[in-house]
Engineer: 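Handing you a structure now.
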Amino acid sequence: MFIAHIPAGYLATNLLVRKQENRRGLLAVGLLCSVLPDFDLLWFYLVDNRQTVHHEYLFHMPLFWISLALAAWFIAWIAGLKEMRSYIVVALVSVLLHLLLDSFAAEIYWLRPFSDVHLNLIEVPARFGWWVWNFIFHWTFAAELAIVAAAAIVWWRRTNGTSAN
Ligand SMILES: [Zn+2]
C-alpha cells in the first residue's frame, strides 16, 4: 500500500467515532495511527542503512500493537481513565487496518514471534528503476485510488453537511 493508508484510516475512524463527542481528537489519533507503523522507515533509512525489509520490524508486527493496546487498556482501567478506552480502540483499529492493507502485497507476520505465517497474496514486481513506479503502474494502485476517492467523498459530504453523520 502506497497512498491509501491515511484515507483508509479516515474511513474506518469516521465509522467508529461518528457518535462520539470527542470526534476531532479521536479522528486525529486514527489518522496518525493509520500511518504509525511506517514510522519505522526512519529506522530503515537512518539507522539500518536499508539492510532489512521494514515490514520485518517491530512496528509491522500486529501482536506488538495488540500487546501495547492491552497494556494501555489495563493502565487506563487501573487509573480510572474511562475516556481513554475509545482512543485506545481507535488507535488499535487504525494500526491493524494499516497492517491488514499491507498484508495483501507484503509479508506481514500476524503471529510473530510465535509463527512466520503470512498472507502476501499479490506480488508487486520490481519492473522499474525507481521503486515508486512499481506501485503506481501496478493494478493495485487502482484500488488505492478507489479508497482515496471514497474518503474524499465522505469528507466532502461531512464538511458540506449533506450527511446525517
Ligand atoms: Zn506499512
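Sequential numbering from 1 along the given sequence is applied to the chain's residues. Read the numbers this way: they start at 1 and go in the same order the structure lists the ligands and their atoms. Reckoned from all heavy atoms, side chains included, excluding hydrogens, waters and symmetry mates.
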Engineer: So, D102 side chain and A106 main chain: donor-acceptor pair closer than 3.5 Å or not?
Structural biologist: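 No, the answer is negative, given that no donor and acceptor are paired below the 3.5 Å cut-off.
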Engineer: Using modelled atom types and a 3.5 Å cut-off, is there a donor and acceptor pairing between side-chain atoms of S115 and backbone atoms of L111?
Structural biologist: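 Side chain of S115 to backbone of L111, a donor-acceptor pair under 3.5 Å: no, none is there.
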Engineer: Looking at G9 and L97, what are the two nearest heavy atoms and their distance?
Structural biologist: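 Residues G9 and L97, closest heavy atoms: N-CD2, 4.1 Å.
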Engineer: Which protein N, O or S atoms lie under 2.8 Å from the Zn ion (ligand 1)?
Structural biologist: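 For the Zn ion (ligand 1), the protein N, O and S atoms that sit under 2.8 Å away are D38 OD1, H60 NE2, H98 NE2, D102 OD2.
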Engineer: Ring centres of F2 and W131 under 6.0 Å apart?
Structural biologist: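 Aromatic pair counts; centres sit under 6.0 Å.
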Engineer: Would you name the heavy atoms of S34 and H98 that are closest together and state the gap between them?
Structural biologist: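 Nearest heavy atoms, S34 then H98: O-ND1, 2.7 Å.
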Engineer: For the aromatic rings, using the six-membered ring if either is Trp, is the centroid distance between F59 and W65 under 6.0 Å?
Structural biologist: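 That pair passes the under 6.0 Å test.
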